[in-house]
Amino acid sequence: MEKSLKIAIKELNFFYRDFKALTDISLDVYAHEVTAFIGPSGCGKSTLLRCLNRMNDLISYRRIEGKILLDDQNIYDPNVDVVSLRRRIGMVFQKPNPFPKSIFENVAYGMRVNGFKDKAYMAQQVETTLKSAALWDEVKDRIHESALGLSGGQQQRLCIARAMAVEPDVLLMDEPCSALDPIATQKIEELIHQLKETYTIIIVTHNMQQAARVSDITAFFYLGELVETDKTNTIFTRPKLRQTEDYITGRFG
Amino acid sequence: MIKSSNSGKSRCRTEKIIRITFFCISLASIATLVLITIFLFMEGLPVLKEVSINDFIFGKYWYPTDDPPAFGIFPLIVGSIAVTGVSSVISIPLGVLTAIYLAEAASTNVRQWVKPIVELMAVLPSVVIGFFGMVIIAPFLQEVFDIPTGLNLFNASLMLAFMSIPTICSISEDAIFSVPTELKEASLALGATHWETISRVILPASLSGITTAIILGMSRAIGETMVVLMVAGGAAIIPISLFDPVRPMPASIVAEMAEAPFRGDHYHALFATAVVLFLFTLLFNLAADHISHKYKQVGASTL
(Lines give C-alpha, C1' and ligand atoms only; values in the text may rest on other atoms or scores of the structure.)
Protein backbone atom coordinates (compact mmCIF):
# COMPACT_ATOMS: atom_id res chain seq x y z
CA MET A 1 0.00 0.00 0.00
CA GLU A 2 1.25 3.43 -0.90
CA LYS A 3 2.08 5.40 2.22
CA SER A 4 0.36 8.73 2.37
CA LEU A 5 1.97 11.73 3.99
CA LYS A 6 -0.08 13.11 6.87
CA ILE A 7 2.09 15.63 8.63
CA ALA A 8 5.21 17.27 7.30
CA ILE A 9 7.32 19.27 9.73
CA LYS A 10 9.60 21.63 7.85
CA GLU A 11 12.60 23.31 9.44
CA LEU A 12 10.84 24.01 12.67
CA ASN A 13 12.49 26.17 15.32
CA PHE A 14 10.89 26.81 18.66
CA PHE A 15 11.92 29.30 21.32
CA TYR A 16 10.84 29.83 24.90
CA ARG A 17 11.94 33.42 25.39
CA ASP A 18 15.60 33.21 24.39
CA PHE A 19 15.95 29.49 24.89
CA LYS A 20 15.92 27.53 21.68
CA ALA A 21 13.97 24.38 22.49
CA LEU A 22 13.84 22.93 18.98
CA THR A 23 16.37 23.37 16.20
CA ASP A 24 15.65 22.82 12.53
CA ILE A 25 13.32 19.88 12.88
CA SER A 26 12.16 18.32 9.65
CA LEU A 27 10.14 15.16 9.85
CA ASP A 28 7.46 13.37 7.86
CA VAL A 29 4.66 11.48 9.54
CA TYR A 30 2.67 9.01 7.49
CA ALA A 31 -0.97 8.13 7.83
CA HIS A 32 -1.92 4.95 9.68
CA GLU A 33 1.49 4.55 11.18
CA VAL A 34 2.66 4.92 14.73
CA THR A 35 5.54 7.33 15.04
CA ALA A 36 7.43 7.34 18.33
CA PHE A 37 9.47 10.25 19.66
CA ILE A 38 12.20 9.12 22.03
CA GLY A 39 15.03 10.90 23.78
CA PRO A 40 16.14 11.99 27.22
CA SER A 41 14.12 14.45 29.30
CA GLY A 42 14.27 18.00 28.06
CA CYS A 43 15.21 17.01 24.52
CA GLY A 44 12.18 18.75 23.07
CA LYS A 45 10.01 15.79 22.11
CA SER A 46 7.01 16.94 24.13
CA THR A 47 7.48 20.49 22.89
CA LEU A 48 7.37 19.23 19.32
CA LEU A 49 4.27 17.17 20.04
CA ARG A 50 2.56 20.22 21.50
CA CYS A 51 3.48 22.22 18.41
CA LEU A 52 1.42 19.81 16.34
CA ASN A 53 -1.93 20.76 17.88
CA ARG A 54 -0.77 24.28 18.78
CA MET A 55 -1.09 23.57 22.47
CA ASN A 56 2.00 25.72 22.82
CA ASP A 57 -0.15 28.70 21.89
CA LEU A 58 -1.06 28.82 25.57
CA ILE A 59 2.48 29.78 26.51
CA SER A 60 3.32 33.42 26.36
CA TYR A 61 6.83 34.36 25.23
CA ARG A 62 7.14 31.59 22.70
CA ARG A 63 8.21 31.94 19.10
CA ILE A 64 7.91 29.53 16.24
CA GLU A 65 9.70 29.48 12.92
CA GLY A 66 9.14 27.04 10.11
CA LYS A 67 6.09 25.15 8.97
CA ILE A 68 4.00 22.21 9.97
CA LEU A 69 1.85 20.91 7.14
CA LEU A 70 -1.20 18.84 7.95
CA ASP A 71 -2.53 17.42 4.69
CA ASP A 72 -0.51 20.08 2.87
CA GLN A 73 -1.92 22.95 4.87
CA ASN A 74 0.33 24.95 7.18
CA ILE A 75 -1.23 24.83 10.63
CA TYR A 76 0.58 28.02 11.63
CA ASP A 77 -1.01 29.92 8.78
CA PRO A 78 -2.84 32.95 10.22
CA ASN A 79 -6.10 31.79 8.60
CA VAL A 80 -6.10 28.49 10.40
CA ASP A 81 -8.77 28.12 13.03
CA VAL A 82 -7.07 26.60 16.06
CA VAL A 83 -10.30 25.18 17.40
CA SER A 84 -11.04 23.15 14.28
CA LEU A 85 -7.38 22.16 14.03
CA ARG A 86 -7.56 20.66 17.51
CA ARG A 87 -10.64 18.72 16.49
CA ARG A 88 -8.59 17.06 13.79
CA ILE A 89 -5.61 16.40 16.02
CA GLY A 90 -6.61 14.82 19.31
CA MET A 91 -4.34 14.61 22.30
CA VAL A 92 -3.83 12.25 25.22
CA PHE A 93 -1.82 13.62 28.09
CA GLN A 94 0.83 12.25 30.37
CA LYS A 95 -1.34 12.18 33.46
CA PRO A 96 -4.88 10.90 33.02
CA ASN A 97 -6.98 14.06 33.22
CA PRO A 98 -10.67 13.18 33.03
CA PHE A 99 -13.07 16.00 33.76
CA PRO A 100 -14.80 15.84 37.12
CA LYS A 101 -17.96 14.72 35.33
CA SER A 102 -19.59 11.39 34.63
CA ILE A 103 -17.95 8.87 32.31
CA PHE A 104 -20.61 9.58 29.71
CA GLU A 105 -20.15 13.33 29.92
CA ASN A 106 -16.40 12.98 29.59
CA VAL A 107 -16.72 11.22 26.26
CA ALA A 108 -19.61 13.39 25.13
CA TYR A 109 -17.79 16.62 26.01
CA GLY A 110 -15.96 16.95 22.72
CA MET A 111 -19.18 16.36 20.79
CA ARG A 112 -21.08 18.89 22.88
CA VAL A 113 -18.54 21.66 22.37
CA ASN A 114 -18.50 20.85 18.69
CA GLY A 115 -22.20 21.45 18.42
CA PHE A 116 -23.68 17.96 18.30
CA LYS A 117 -27.14 17.90 19.83
CA ASP A 118 -28.59 14.59 18.68
CA LYS A 119 -28.87 12.54 21.87
CA ALA A 120 -29.20 9.17 20.16
CA TYR A 121 -26.14 9.79 18.01
CA MET A 122 -24.21 10.93 21.04
CA ALA A 123 -25.11 7.86 23.08
CA GLN A 124 -24.16 5.65 20.14
CA GLN A 125 -20.86 7.43 19.67
CA VAL A 126 -20.03 7.23 23.38
CA GLU A 127 -20.63 3.51 23.30
CA THR A 128 -18.62 3.00 20.13
CA THR A 129 -15.62 4.96 21.31
CA LEU A 130 -15.65 3.35 24.74
CA LYS A 131 -15.71 0.00 22.97
CA SER A 132 -12.77 0.92 20.76
CA ALA A 133 -10.92 2.12 23.84
CA ALA A 134 -11.57 -1.33 25.36
CA LEU A 135 -13.32 0.22 28.29
CA TRP A 136 -17.00 -0.37 27.57
CA ASP A 137 -17.32 -3.71 29.34
CA GLU A 138 -15.72 -2.34 32.48
CA VAL A 139 -17.86 0.78 32.74
CA LYS A 140 -21.15 0.10 30.97
CA ASP A 141 -23.03 -0.34 34.25
CA ARG A 142 -21.77 2.89 35.75
CA ILE A 143 -21.57 5.15 32.75
CA HIS A 144 -23.29 7.98 34.59
CA GLU A 145 -21.03 7.80 37.62
CA SER A 146 -18.05 10.07 38.14
CA ALA A 147 -15.02 9.35 36.01
CA LEU A 148 -12.82 10.08 39.00
CA GLY A 149 -13.87 6.74 40.51
CA LEU A 150 -12.03 4.83 37.78
CA SER A 151 -8.54 3.43 38.21
CA GLY A 152 -5.60 5.23 36.63
CA GLY A 153 -5.46 2.87 33.66
CA GLN A 154 -9.19 3.12 33.10
CA GLN A 155 -9.01 6.89 33.33
CA GLN A 156 -6.32 6.97 30.69
CA ARG A 157 -8.37 4.76 28.37
CA LEU A 158 -11.30 7.07 29.03
CA CYS A 159 -9.12 9.99 27.97
CA ILE A 160 -8.26 8.12 24.79
CA ALA A 161 -11.96 7.47 24.17
CA ARG A 162 -12.68 11.11 24.85
CA ALA A 163 -10.10 12.15 22.27
CA MET A 164 -11.50 9.68 19.71
CA ALA A 165 -15.09 10.75 20.13
CA VAL A 166 -14.60 13.86 18.01
CA GLU A 167 -13.19 11.67 15.23
CA PRO A 168 -9.80 13.26 14.73
CA ASP A 169 -7.34 12.15 12.03
CA VAL A 170 -4.32 12.22 14.25
CA LEU A 171 -3.84 11.20 17.88
CA LEU A 172 -0.98 12.70 19.83
CA MET A 173 0.04 10.81 22.94
CA ASP A 174 2.38 12.43 25.42
CA GLU A 175 3.86 9.59 27.48
CA PRO A 176 0.40 8.12 27.93
CA CYS A 177 1.63 5.25 30.10
CA SER A 178 4.13 6.98 32.34
CA ALA A 179 1.70 7.11 35.25
CA LEU A 180 0.37 3.58 34.77
CA ASP A 181 1.28 0.13 36.00
CA PRO A 182 2.51 -2.57 33.58
CA ILE A 183 -0.89 -4.19 33.10
CA ALA A 184 -2.62 -0.92 32.30
CA THR A 185 0.32 -0.08 30.04
CA GLN A 186 -0.11 -3.32 28.16
CA LYS A 187 -3.78 -2.56 27.58
CA ILE A 188 -2.99 0.88 26.22
CA GLU A 189 -0.33 -0.56 23.93
CA GLU A 190 -2.75 -3.14 22.55
CA LEU A 191 -5.16 -0.32 22.00
CA ILE A 192 -2.57 1.68 20.07
CA HIS A 193 -2.08 -1.32 17.78
CA GLN A 194 -5.77 -1.40 16.95
CA LEU A 195 -6.15 2.34 16.67
CA LYS A 196 -3.58 2.79 13.96
CA GLU A 197 -6.04 1.25 11.51
CA THR A 198 -8.10 4.39 11.90
CA TYR A 199 -5.72 7.07 13.12
CA THR A 200 -2.28 8.41 12.60
CA ILE A 201 -0.59 8.16 15.96
CA ILE A 202 2.38 10.03 17.35
CA ILE A 203 3.57 8.90 20.74
CA VAL A 204 6.18 10.41 23.02
CA THR A 205 7.72 7.87 25.31
CA HIS A 206 10.56 7.49 27.77
CA ASN A 207 10.28 3.79 27.58
CA MET A 208 12.43 2.39 24.78
CA GLN A 209 10.80 -1.02 24.88
CA GLN A 210 7.48 0.67 24.45
CA ALA A 211 8.69 2.53 21.38
CA ALA A 212 10.03 -0.76 20.02
CA ARG A 213 6.75 -2.55 20.70
CA VAL A 214 4.21 -0.08 19.42
CA SER A 215 5.78 2.09 16.74
CA ASP A 216 6.53 1.77 13.04
CA ILE A 217 8.82 4.77 12.86
CA THR A 218 11.04 6.05 15.63
CA ALA A 219 12.57 9.49 15.87
CA PHE A 220 15.39 10.08 18.31
CA PHE A 221 15.80 13.58 19.74
CA TYR A 222 18.67 15.04 21.68
CA LEU A 223 19.07 18.62 22.95
CA GLY A 224 16.35 19.97 20.73
CA GLU A 225 17.59 18.34 17.57
CA LEU A 226 16.28 15.42 15.62
CA VAL A 227 19.26 13.08 15.64
CA GLU A 228 17.97 10.15 13.67
CA THR A 229 14.72 8.82 12.34
CA ASP A 230 14.03 5.53 10.63
CA LYS A 231 11.88 2.44 10.73
CA THR A 232 11.66 1.31 14.32
CA ASN A 233 13.22 -2.01 13.44
CA THR A 234 16.22 -0.36 11.91
CA ILE A 235 16.66 2.16 14.71
CA PHE A 236 16.68 -0.53 17.33
CA THR A 237 18.89 -2.99 15.46
CA ARG A 238 21.14 -1.05 13.11
CA PRO A 239 21.12 2.67 14.03
CA LYS A 240 23.29 4.75 11.75
CA LEU A 241 24.64 7.05 14.40
CA ARG A 242 26.70 6.20 17.41
CA GLN A 243 24.71 8.63 19.58
CA THR A 244 21.45 6.83 18.84
CA GLU A 245 23.00 3.48 19.57
CA ASP A 246 24.41 4.73 22.87
CA TYR A 247 21.00 6.00 23.95
CA ILE A 248 19.11 2.92 22.90
CA THR A 249 21.51 0.55 24.53
CA GLY A 250 21.36 2.60 27.70
CA ARG A 251 24.90 3.92 27.68
CA PHE A 252 23.56 7.43 28.35
CA GLY A 253 20.30 9.22 28.87
CA MET B 1 21.43 0.81 70.31
CA ILE B 2 20.40 4.39 70.67
CA LYS B 3 20.74 5.43 74.28
CA SER B 4 18.62 8.21 75.64
CA SER B 5 21.14 10.88 76.44
CA ASN B 6 20.70 14.02 78.45
CA SER B 7 20.43 16.15 75.35
CA GLY B 8 17.71 13.82 74.09
CA LYS B 9 15.73 14.26 77.30
CA SER B 10 16.01 18.03 77.24
CA ARG B 11 14.93 17.99 73.59
CA CYS B 12 11.83 16.07 74.61
CA ARG B 13 11.09 18.53 77.34
CA THR B 14 11.44 21.50 74.99
CA GLU B 15 9.05 19.86 72.54
CA LYS B 16 6.56 19.35 75.32
CA ILE B 17 6.81 22.93 76.54
CA ILE B 18 6.31 24.25 73.03
CA ARG B 19 3.29 22.07 72.53
CA ILE B 20 1.68 23.12 75.79
CA THR B 21 2.38 26.79 75.11
CA PHE B 22 0.70 26.66 71.73
CA PHE B 23 -2.20 24.73 73.19
CA CYS B 24 -2.73 27.37 75.89
CA ILE B 25 -2.58 30.21 73.39
CA SER B 26 -5.15 28.66 71.09
CA LEU B 27 -7.28 27.74 74.09
CA ALA B 28 -7.26 31.36 75.23
CA SER B 29 -8.63 32.68 71.95
CA ILE B 30 -11.23 29.94 71.63
CA ALA B 31 -12.29 30.36 75.25
CA THR B 32 -12.78 34.08 74.71
CA LEU B 33 -15.04 33.44 71.77
CA VAL B 34 -17.03 30.87 73.69
CA LEU B 35 -17.43 33.25 76.62
CA ILE B 36 -18.61 36.04 74.36
CA THR B 37 -21.21 33.72 72.86
CA ILE B 38 -22.40 32.62 76.30
CA PHE B 39 -22.60 36.24 77.43
CA LEU B 40 -24.55 37.11 74.29
CA PHE B 41 -27.16 34.46 75.03
CA MET B 42 -27.28 35.27 78.73
CA GLU B 43 -28.02 38.91 78.06
CA GLY B 44 -30.36 38.25 75.17
CA LEU B 45 -32.58 35.44 76.35
CA PRO B 46 -34.27 37.35 79.24
CA VAL B 47 -36.26 39.32 76.66
CA LEU B 48 -38.37 36.20 76.25
CA LYS B 49 -39.86 36.95 79.66
CA GLU B 50 -41.43 40.03 78.08
CA VAL B 51 -42.40 38.79 74.62
CA SER B 52 -42.85 35.35 73.15
CA ILE B 53 -40.19 34.22 70.70
CA ASN B 54 -42.77 34.32 67.94
CA ASP B 55 -43.79 37.91 68.69
CA PHE B 56 -40.18 38.91 68.99
CA ILE B 57 -39.07 37.51 65.64
CA PHE B 58 -42.24 38.05 63.64
CA GLY B 59 -43.60 41.13 65.41
CA LYS B 60 -44.00 43.93 62.90
CA TYR B 61 -43.42 46.83 65.27
CA TRP B 62 -40.15 47.92 66.79
CA TYR B 63 -40.97 50.72 69.25
CA PRO B 64 -38.63 49.89 72.11
CA THR B 65 -39.06 53.20 73.92
CA ASP B 66 -42.83 53.47 73.73
CA ASP B 67 -45.08 52.74 76.68
CA PRO B 68 -45.77 49.87 76.47
CA PRO B 69 -42.76 49.06 74.25
CA ALA B 70 -43.08 46.91 71.13
CA PHE B 71 -40.23 44.50 70.58
CA GLY B 72 -40.87 43.05 67.15
CA ILE B 73 -37.65 42.75 65.17
CA PHE B 74 -39.22 41.48 61.96
CA PRO B 75 -38.63 44.82 60.16
CA LEU B 76 -35.00 44.72 61.27
CA ILE B 77 -34.55 41.15 60.03
CA VAL B 78 -36.21 42.04 56.74
CA GLY B 79 -33.98 45.12 56.55
CA SER B 80 -30.87 43.01 57.02
CA ILE B 81 -31.98 40.41 54.52
CA ALA B 82 -32.99 43.09 52.02
CA VAL B 83 -29.69 44.96 52.08
CA THR B 84 -27.77 41.70 51.93
CA GLY B 85 -29.92 40.40 49.07
CA VAL B 86 -29.81 43.54 46.98
CA SER B 87 -26.10 43.99 47.58
CA SER B 88 -25.52 40.38 46.52
CA VAL B 89 -27.36 40.99 43.28
CA ILE B 90 -24.79 43.69 42.60
CA SER B 91 -21.68 42.16 44.11
CA ILE B 92 -21.94 38.53 42.96
CA PRO B 93 -21.91 39.20 39.21
CA LEU B 94 -19.29 41.92 39.53
CA GLY B 95 -17.09 39.93 41.87
CA VAL B 96 -17.29 36.62 40.05
CA LEU B 97 -16.93 38.10 36.56
CA THR B 98 -13.93 40.13 37.67
CA ALA B 99 -12.46 36.94 39.11
CA ILE B 100 -13.00 35.09 35.84
CA TYR B 101 -11.40 37.91 33.92
CA LEU B 102 -8.40 38.06 36.24
CA ALA B 103 -7.84 34.32 36.36
CA GLU B 104 -8.50 33.48 32.74
CA ALA B 105 -8.43 36.44 30.42
CA ALA B 106 -6.10 39.02 31.92
CA SER B 107 -2.45 39.00 30.97
CA THR B 108 0.02 38.23 33.74
CA ASN B 109 0.89 41.91 34.01
CA VAL B 110 -2.69 43.06 34.40
CA ARG B 111 -3.38 40.33 36.91
CA GLN B 112 -0.32 41.26 38.93
CA TRP B 113 -1.54 44.82 39.25
CA VAL B 114 -5.29 44.50 39.43
CA LYS B 115 -5.58 41.71 41.97
CA PRO B 116 -3.75 43.53 44.78
CA ILE B 117 -5.79 46.64 44.00
CA VAL B 118 -9.05 44.71 44.30
CA GLU B 119 -7.82 43.25 47.57
CA LEU B 120 -6.83 46.71 48.75
CA MET B 121 -10.44 47.80 48.35
CA ALA B 122 -11.13 45.57 51.34
CA VAL B 123 -8.98 47.72 53.60
CA LEU B 124 -11.06 50.86 53.10
CA PRO B 125 -12.53 51.57 56.56
CA SER B 126 -16.28 51.08 56.48
CA VAL B 127 -16.83 54.54 57.91
CA VAL B 128 -15.15 55.97 54.83
CA ILE B 129 -17.45 53.99 52.57
CA GLY B 130 -20.43 55.07 54.66
CA PHE B 131 -19.32 58.66 54.44
CA PHE B 132 -18.98 58.37 50.69
CA GLY B 133 -22.51 56.96 50.53
CA MET B 134 -23.89 59.78 52.66
CA VAL B 135 -22.18 62.69 50.99
CA ILE B 136 -21.91 61.63 47.36
CA ILE B 137 -24.38 58.86 46.59
CA ALA B 138 -27.33 59.99 48.72
CA PRO B 139 -27.76 63.46 47.16
CA PHE B 140 -27.19 61.95 43.75
CA LEU B 141 -29.92 59.35 44.23
CA GLN B 142 -32.26 61.91 45.69
CA GLU B 143 -31.88 64.16 42.69
CA VAL B 144 -31.89 61.55 39.95
CA PHE B 145 -34.83 59.51 41.20
CA ASP B 146 -36.65 62.38 42.84
CA ILE B 147 -37.11 60.60 46.17
CA PRO B 148 -37.53 62.06 49.66
CA THR B 149 -34.25 60.65 50.96
CA GLY B 150 -31.10 59.25 49.42
CA LEU B 151 -30.37 57.28 52.58
CA ASN B 152 -32.19 54.08 51.78
CA LEU B 153 -32.06 50.39 51.00
CA PHE B 154 -30.54 50.91 47.58
CA ASN B 155 -27.76 53.19 48.76
CA ALA B 156 -26.85 50.85 51.62
CA SER B 157 -26.85 47.85 49.27
CA LEU B 158 -24.60 49.66 46.84
CA MET B 159 -22.10 50.49 49.55
CA LEU B 160 -22.25 46.96 50.99
CA ALA B 161 -21.70 45.52 47.52
CA PHE B 162 -18.65 47.71 47.26
CA MET B 163 -17.42 46.15 50.49
CA SER B 164 -18.06 42.54 49.61
CA ILE B 165 -16.73 42.60 46.05
CA PRO B 166 -13.09 42.29 47.18
CA THR B 167 -13.90 39.21 49.27
CA ILE B 168 -15.92 37.56 46.53
CA CYS B 169 -13.49 38.45 43.79
CA SER B 170 -10.32 37.50 45.58
CA ILE B 171 -11.48 34.11 46.89
CA SER B 172 -13.20 33.20 43.60
CA GLU B 173 -10.10 34.15 41.68
CA ASP B 174 -7.99 31.84 43.82
CA ALA B 175 -10.45 29.02 43.23
CA ILE B 176 -10.58 29.55 39.48
CA PHE B 177 -6.85 29.99 39.17
CA SER B 178 -6.18 26.76 41.02
CA VAL B 179 -8.14 24.60 38.60
CA PRO B 180 -5.41 22.33 37.22
CA THR B 181 -3.96 23.27 33.84
CA GLU B 182 -4.42 19.62 32.83
CA LEU B 183 -8.18 20.02 32.79
CA LYS B 184 -8.00 23.21 30.82
CA GLU B 185 -5.65 21.65 28.29
CA ALA B 186 -7.83 18.57 27.99
CA SER B 187 -10.77 20.74 27.08
CA LEU B 188 -8.85 22.89 24.59
CA ALA B 189 -7.33 19.81 22.99
CA LEU B 190 -10.84 18.57 22.25
CA GLY B 191 -11.54 21.63 20.19
CA ALA B 192 -13.34 23.64 22.84
CA THR B 193 -12.97 27.39 22.68
CA HIS B 194 -11.59 29.32 25.61
CA TRP B 195 -15.07 30.42 26.61
CA GLU B 196 -16.46 26.87 26.42
CA THR B 197 -13.54 25.73 28.53
CA ILE B 198 -14.30 28.38 31.13
CA SER B 199 -18.03 27.75 31.27
CA ARG B 200 -18.05 23.96 31.02
CA VAL B 201 -14.88 22.89 32.79
CA ILE B 202 -13.24 25.62 34.81
CA LEU B 203 -16.33 27.10 36.46
CA PRO B 204 -17.89 23.76 37.43
CA ALA B 205 -14.54 22.63 38.82
CA SER B 206 -14.20 25.76 40.92
CA LEU B 207 -17.84 26.09 41.89
CA SER B 208 -17.27 25.16 45.52
CA GLY B 209 -14.63 27.84 45.90
CA ILE B 210 -16.83 30.41 44.21
CA THR B 211 -19.81 29.51 46.38
CA THR B 212 -17.69 29.83 49.49
CA ALA B 213 -16.50 33.21 48.28
CA ILE B 214 -20.08 34.37 47.72
CA ILE B 215 -21.25 33.24 51.13
CA LEU B 216 -18.32 34.86 52.88
CA GLY B 217 -19.00 38.05 50.95
CA MET B 218 -22.65 37.94 51.96
CA SER B 219 -21.83 37.30 55.59
CA ARG B 220 -19.59 40.32 55.48
CA ALA B 221 -22.52 42.36 54.19
CA ILE B 222 -25.05 41.12 56.73
CA GLY B 223 -22.76 41.80 59.68
CA GLU B 224 -21.58 45.19 58.50
CA THR B 225 -22.61 47.92 60.92
CA MET B 226 -21.13 51.30 60.12
CA VAL B 227 -22.27 51.50 56.52
CA VAL B 228 -25.87 50.54 57.24
CA LEU B 229 -25.96 52.84 60.23
CA MET B 230 -24.86 55.75 58.07
CA VAL B 231 -26.70 55.21 54.81
CA ALA B 232 -29.61 52.80 55.27
CA GLY B 233 -31.97 55.49 56.52
CA GLY B 234 -32.76 53.92 59.86
CA ALA B 235 -36.54 53.48 59.60
CA ALA B 236 -37.73 50.24 61.19
CA ILE B 237 -40.24 49.48 58.46
CA ILE B 238 -40.66 46.61 56.07
CA PRO B 239 -39.40 48.04 52.79
CA ILE B 240 -41.72 47.93 49.80
CA SER B 241 -39.51 49.67 47.27
CA LEU B 242 -35.77 49.82 46.65
CA PHE B 243 -35.77 53.42 47.81
CA ASP B 244 -37.40 52.86 51.19
CA PRO B 245 -35.21 53.48 54.20
CA VAL B 246 -34.46 50.39 56.28
CA ARG B 247 -32.99 49.63 59.69
CA PRO B 248 -30.90 46.47 59.54
CA MET B 249 -30.14 44.65 62.81
CA PRO B 250 -26.57 45.86 63.34
CA ALA B 251 -27.60 49.48 62.81
CA SER B 252 -30.40 49.14 65.32
CA ILE B 253 -28.13 47.58 67.93
CA VAL B 254 -25.39 50.14 67.67
CA ALA B 255 -27.73 53.12 67.52
CA GLU B 256 -29.81 52.16 70.53
CA MET B 257 -27.41 50.38 72.84
CA ALA B 258 -26.04 53.56 74.36
CA GLU B 259 -29.52 54.76 75.29
CA ALA B 260 -30.96 51.50 76.53
CA PRO B 261 -31.09 51.26 80.34
CA PHE B 262 -28.61 48.67 81.58
CA ARG B 263 -30.29 45.25 81.94
CA GLY B 264 -33.65 46.77 81.05
CA ASP B 265 -36.04 45.18 78.58
CA HIS B 266 -34.74 47.27 75.69
CA TYR B 267 -31.18 46.24 76.54
CA HIS B 268 -32.14 42.57 76.54
CA ALA B 269 -34.07 43.00 73.31
CA LEU B 270 -31.00 44.44 71.63
CA PHE B 271 -28.89 41.54 72.81
CA ALA B 272 -31.53 39.15 71.54
CA THR B 273 -31.32 40.93 68.18
CA ALA B 274 -27.57 40.35 68.32
CA VAL B 275 -28.24 36.66 68.95
CA VAL B 276 -30.41 36.52 65.83
CA LEU B 277 -27.71 38.31 63.84
CA PHE B 278 -25.12 35.93 65.23
CA LEU B 279 -27.23 32.96 64.16
CA PHE B 280 -27.46 34.40 60.65
CA THR B 281 -23.71 34.85 60.27
CA LEU B 282 -23.10 31.48 61.90
CA LEU B 283 -25.43 29.88 59.38
CA PHE B 284 -23.62 31.59 56.50
CA ASN B 285 -20.24 30.45 57.71
CA LEU B 286 -21.38 26.91 58.39
CA ALA B 287 -22.81 26.79 54.88
CA ALA B 288 -19.55 28.04 53.41
CA ASP B 289 -17.59 25.52 55.43
CA HIS B 290 -19.92 22.69 54.47
CA ILE B 291 -19.78 23.50 50.79
CA SER B 292 -16.03 23.84 50.67
CA HIS B 293 -15.67 20.46 52.37
CA LYS B 294 -18.35 18.59 50.51
CA TYR B 295 -17.41 19.73 47.05
CA LYS B 296 -13.68 19.83 47.47
CA GLN B 297 -11.90 21.35 44.55
CA VAL B 298 -11.45 18.52 42.15
CA GLY B 299 -7.92 18.35 40.96
CA ALA B 300 -6.15 16.23 38.41
CA SER B 301 -7.10 12.65 38.84
CA THR B 302 -5.32 10.67 41.46
CA LEU B 303 -3.95 7.27 40.71
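Quick note on labels: first sequence line is chain A, next is B, and so on, each numbered from 1.
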(message) Assess the residue pair B/Ile291 and B/Asp289 against the criterion (side chain to side chain contact (heavy atoms under 4.5 Å, CB included)); give the C-alpha distance rounded to whole Å, side-chain angles, the decisive distance to 0.1 Å, and a yes or no.
(response) CA-CA 6 Å; B/Ile291 289 169; B/Asp289 201 50; over 6 Å; no

(request) Tell me, for A/Val83 versus chain B, whether the close heavy atoms (under 4.5 Å) come from the side chain, the backbone, both or neither. (result) both

(request) Measure A/Arg54 against the heavy atoms of chain B and call it side chain, backbone, both or neither at under 4.5 Å. (result) neither

(message) At a 4.5 Å cut-off on heavy atoms, which part of A/Ile89 comes close to chain B: side chain, backbone, both, or neither?
(response) backbone

(request) Give, as side chain, backbone, both or neither, the part of A/Phe99 having an atom under 4.5 angstrom from any heavy atom of chain B. (result) both

(message) Assess, by modelled atom type and distance only, whether the side chains of A/Arg162 and A/Asn97 contain a donor and an acceptor separated by less than 3.5 Å.
(response) yes

(request) Using non-hydrogen atoms and a 4.5 Å limit, figure out which bit of B/Ser187 sits close to chain A: side chain, backbone, both or neither. (result) both

(message) Whether the side chain of A/Arg88 engages the backbone of A/Pro168 through a donor-acceptor N/O pair (distance < 3.5 Å, no angle test) should be reported.
(response) no

(message) Does either side chain, that of A/Thr205 or that of A/Glu175, offer a donor lying less than 3.5 Å from an acceptor on the other one?
(response) no

(message) With a 6.0 Å cut-off on the ring centroids, do A/Tyr16 and A/Tyr61 count as close?
(response) no

